[in-house]
Asks: 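Questions regarding the structure given below will be posed in turn.
All chains are named by letter (A, B, ...) in the order of the sequence lines, taking the proteins before the strands, and each is independently numbered beginning at 1.
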Amino acid sequence: MSDIELLTRRHSLTASRHTGTVLAGAIAAVLVLCAVAPGLMAPADPLAVNPHDSFAAPSIAHLFGTDESGRDVLSRVIFGARDSLTIGAAATGIGLIGGTVLGIIGGLLGRWAHAVVGRVIEVFFAFPGLLLALLVIVVAGPGPMSVIIAVGLSTAPGYARIIQSRILQVRVSPYVEAARVLGRTPLRILTRTIAPNTAAPLVVLATLGIGQAIVWAASLSYLGLGAQPPSPEWGAMLNNGRTYLQTAPWMTIMPGLVILAATMSFTVLGRALSRRTEGRA
Amino acid sequence: MTSIAAPPLSRAHRIGRWALQRLVGGVVVLAATATIVFFAMRLIPGDPAEAILGGPGSQTSAEALARVRAEYGLDDPLGVQYLHHLARLATGDLGTSYSLRMPVADVIGPLLVSTLVLAFSALAVAWALAVPLTLFSTRGSRVAALVGNGLELTAASLPHFWLASILIVTFSTGLGWLPPISTGGVLGLVLPTLTLAIPVAGFLAQVMRDSLLDALASPFVLASRARGAGDARVRFVHALRHAALPGVNLTAWAFGYLVSGAVVVETIFARPGLGRSLVSAVLDRDVPLVTAIVVVTAAAYVLIMIVADAAARIADPRIEERA
């Protein structure tokens, strides 16, 4: 196999990657639409109980089947998109803000700050991730707000590490050196040169992070620590479906497939963004 | 480093000194985790003495509460209690579990073994799945690359709790091959292992695929091809070795991921282990048990990171120069 062959193979991969990105974008768009206007998208009321129609397998009438009270699973998943996406986005926001603050302290304030932040990050990495979330929830009480804070705090050290190393990289870059030689003030260098070059990867991190945050939040709800029934949050739906796994597996399979689709599409979008920003830099 | 006067140390010596520094740093990390646990457990609403006596709602007399407070030193200032807590841990005394009323050291031993068995079998299976997947997706055909990338992405995105349910529905309820709970025995280990291994295999394959493609496009591969090495030899002997290094680094990271995953997986499969006990211990406010579980997992993580970094330094001397 020659180098030319290798190059063309990578080229043909780029084409199929493009298709994947478009597909992922479409899925993400539908999910966001569900979160914004679930009433428009859902075929039925997510809380409407119908005892005569309980545990119906997926059919034309109920594409995702019905649950133990005869509620339409598809409609619940659509209404659950609001909770799940909001929790995922808010948690990622908290994680990024925490990570940026830590990263700026460690990246800009000199050697001591760098050493201290490095140690703090190391401690949090040594902590089993779910434990930190668990402690937050036990202290604050179970609920969506606690899950947002818990997942946000647990993901912050990871972001901090990436942001810190990015700032350190940018600080010694030729263009910052050039700005310094040109006599720019430190504040101007910080806001005009370092900030924009550090912020681009943040967008990528945020996109990649939302998918992970949705899964984390759903895991906590699945353990009964997050959103509580009858909320149609996806993890809570799976927790509910666990009881009926043997008799009504669609109550588990269908919401799970949607979680999977959400995570995958945000990951694909994040990677596409990452390739674009890297290409530009 | 720009040492001027110091005579150059032998490489083994330098790695040894570096490992010692890392170990000291690791002890600091452990002390910090123990500190966080101590204060976080204090933030949980409710009376710690009541938690020791069996949780809120257990009709405990005022005298019993006072006795427990005196016995556990709960009337001392918080700072004094904290120092006692650290001093006990430093001597290796893990204390007595509040909820199980047994020495924590006795409780935690079997749990640790159970979780380590699960984690290491999951890592082994993850590697066994990831290497063929990587080789398949870099075969050179477009279809293989697409299918391989799709499989990696799907595997890495699977939530543990959902994957576990799907495996139970398929292999326990449907086919009846494997038990849905994991109370010991090799058969019971299969489904929890797969649940943890499949996502890790996805991550591993992604990382190894990228570095394998880079290695295949590098001058040293071209050189060995020019010397007449066959495709299989180039792939398996030269390129895969390069691709494996990021995989080894990722394995250390995966351990932390597996511990978090174990919380969910052990709960679903009713398997005894650190993860499942952690949830119940936190809910029971069992401070000694939570502390022990956290310090033990943190210690394992710190050790694995040191071993992985040392392995990377030995394999790739350039890392030392960069540091």
Asks: Does the ring center of B:Tyr301 lie less than 6.0 Å from the ring center of A:Phe125?
Replies: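 Not under 6.0 Å, so no.
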
Asks: Measure the spacing between OG of A:Ser221 and CD1 of A:Ile87 and express it to the nearest 0.5 Å.
Replies: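 The OG atom of A:Ser221 sits 5.5 Å away from the CD1 atom of A:Ile87.
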
Asks: Specify the closest pair of heavy atoms between B:Met41 and B:Arg285, including all atoms of both residues, with the distance to one decimal.
Replies: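 Closest heavy-atom pair between B:Met41 and B:Arg285: O-NH2, 3.2 Å.
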
Asks: Any idea which heavy atoms bring A:Val151 and A:Leu220 closest together, and the distance?
Replies: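 Where A:Val151 meets A:Leu220 most closely, the heavy atoms are CG2-CD1, 3.9 Å.
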
Asks: Of the listed residues (B:Pro159, B:Ala300, B:Gly150, B:Ala262), which shares the most heavy-atom pairs with chain A below a 4.5 Å separation?
Replies: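 Ranked by heavy-atom pairs under 4.5 Å with chain A, first place is B:Pro159.
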
Asks: Of the backbone (N, CA, C, O) and the side chain (C-beta and beyond), which part of A:Ala140 lies under 4.5 Å from a heavy atom of chain B, both, or neither?
Replies: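 No part of it gets close to chain B.
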
Asks: Would you mind telling me which of A:Glu122, A:Gln212, A:Arg271, A:Arg119 has the largest number of heavy-atom pairs within less than 4.5 Å of chain B?
Replies: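 Winner by heavy-atom pair count: A:Arg271.
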
Asks: Any idea which of A:Val268, A:Val120, A:Thr252 has the most non-hydrogen atom pairs under 4.5 angstrom with chain B?
Replies: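 When all of A:Val268, A:Val120, A:Thr252 are compared, A:Thr252 has the most.
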
Asks: Can you tell which part of A:Leu257 gets under 4.5 Å to a heavy atom of chain B, answering side chain, backbone, both or neither?
Replies: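 Both the backbone and the side chain of A:Leu257 come within 4.5 Å of chain B.
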
Asks: Looking at A:Ser84 and A:Ala81, would you say the former's side chain and the latter's main chain have a donor-acceptor pair under 3.5 Å?
Replies: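 It does not hold such a pair.
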
Asks: Taking every heavy-atom pair that is under 4.5 Å apart, which of A:Phe124, A:Trp216, A:Tyr222, A:Phe266 has the most such pairs with chain B?
Replies: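 Looking at each of A:Phe124, A:Trp216, A:Tyr222, A:Phe266 in turn, A:Tyr222 comes out on top.
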
Asks: Report which part of A:Ile253 has an atom under 4.5 Å of a heavy atom belonging to chain B: side chain, backbone, both, or neither.
Replies: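 For A:Ile253, heavy atoms of backbone and side chain both lie under 4.5 Å from chain B.
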
Asks: Do you know which two heavy atoms are closest between A:Pro232 and A:Arg76, and how far apart they sit?
Replies: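 Heavy atoms of A:Pro232 and A:Arg76 come nearest at CB-O, 3.3 Å.
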
Asks: When heavy-atom pairs shorter than 4.5 Å are enumerated against chain B, which of A:Asn239, A:Ile214, A:Thr263 gives the highest number?
Replies: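 Winner by heavy-atom pair count: A:Thr263.
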
Asks: Heavy-atom distance under 4.5 Å to chain A: side chain of B:Ile166, backbone, both or neither?
Replies: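 Answer is side chain: those atoms of B:Ile166 sit under 4.5 Å from chain A.
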
Asks: Let me know if A:Leu245 has heavy atoms under 4.5 Å from chain B in its side chain, its backbone, both or neither.
Replies: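 Answer is both: backbone and side chain atoms of A:Leu245 are under 4.5 Å from chain B.
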
Asks: Among A:Ile137, A:Val138, A:Val215, A:Leu135, which residue forms the greatest number of heavy-atom pairs with chain B at distances under 4.5 Å?
Replies: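 With the most close heavy-atom pairs to chain B, the winner is A:Val138.
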
Asks: In terms of heavy-atom proximity below 4.5 Å to chain A, should B:Val279 be classed as side chain, backbone, both, or neither?
Replies: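 Both the backbone and the side chain of B:Val279 come within 4.5 Å of chain A.
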
Asks: Looking at B:Val259, B:Val264, B:Leu278, which has the largest count of heavy-atom pairs under 4.5 Å with chain A?
Replies: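 Of B:Val259, B:Val264, B:Leu278, B:Leu278 has the most heavy-atom pairs under 4.5 Å with chain A.
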
Asks: Just give me the residue among B:Thr297, B:Val290, B:Leu283, B:Val294 that pairs up with chain A most often, heavy atom to heavy atom, under 4.5 Å.
Replies: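 Highest number of pairs under 4.5 Å: B:Val294.
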
Asks: Among side-chain atoms of A:Asp83 and A:Ser231, is any donor-acceptor pair under 3.5 angstrom?
Replies: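 Indeed, the side chains of A:Asp83 and A:Ser231 share at least one donor-acceptor pair under 3.5 Å.
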
Asks: When you measure from the side chain of A:Ser146 to the backbone N and O of A:Pro142, does any donor-acceptor pair fall under 3.5 Å?
Replies: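 Not confirmed, A:Ser146 side chain does not pair with A:Pro142 backbone.
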
Asks: Taking atom CZ of B:Arg276 as the centre, report whether more than 12 heavy atoms of other residues, nucleotides or ligands fall under 6.0 Å from it.
Replies: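 More than 12 within 6.0 Å, yes.
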
Asks: So for A:Thr267, is it side chain, backbone, both, or neither that comes closer than 4.5 Å to the heavy atoms of chain B?
Replies: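 Only the side chain of A:Thr267 comes within 4.5 Å of chain B.
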
Asks: Atom CD1 in B:Ile306, atom CZ in B:Arg22: separation rounded to 0.5 Å?
Replies: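 That separation rounds to 5.5 Å.
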
Asks: Which one, A:Val139, A:Leu225, A:Leu238, leads in non-hydrogen pairs under 4.5 Å with chain B?
Replies: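 Option with the greatest count: A:Val139.
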
Asks: When heavy-atom pairs shorter than 4.5 Å are enumerated against chain A, which of B:Val302, B:Leu274, B:Leu163, B:Thr267 gives the highest number?
Replies: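 The answer is B:Thr267.
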
Asks: Give, for atom CZ of B:Arg271 and atom CG of B:Leu111, the distance between the pair rounded to the nearest 0.5 Å.
Replies: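 If I round to the nearest 0.5 Å, the distance is 10.5 Å.
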
Asks: Which bit of B:Ile293 is near chain A, if near means a heavy-atom gap under 4.5 Å: side chain, backbone, both or neither?
Replies: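 Looking at B:Ile293, nothing touches chain A.
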
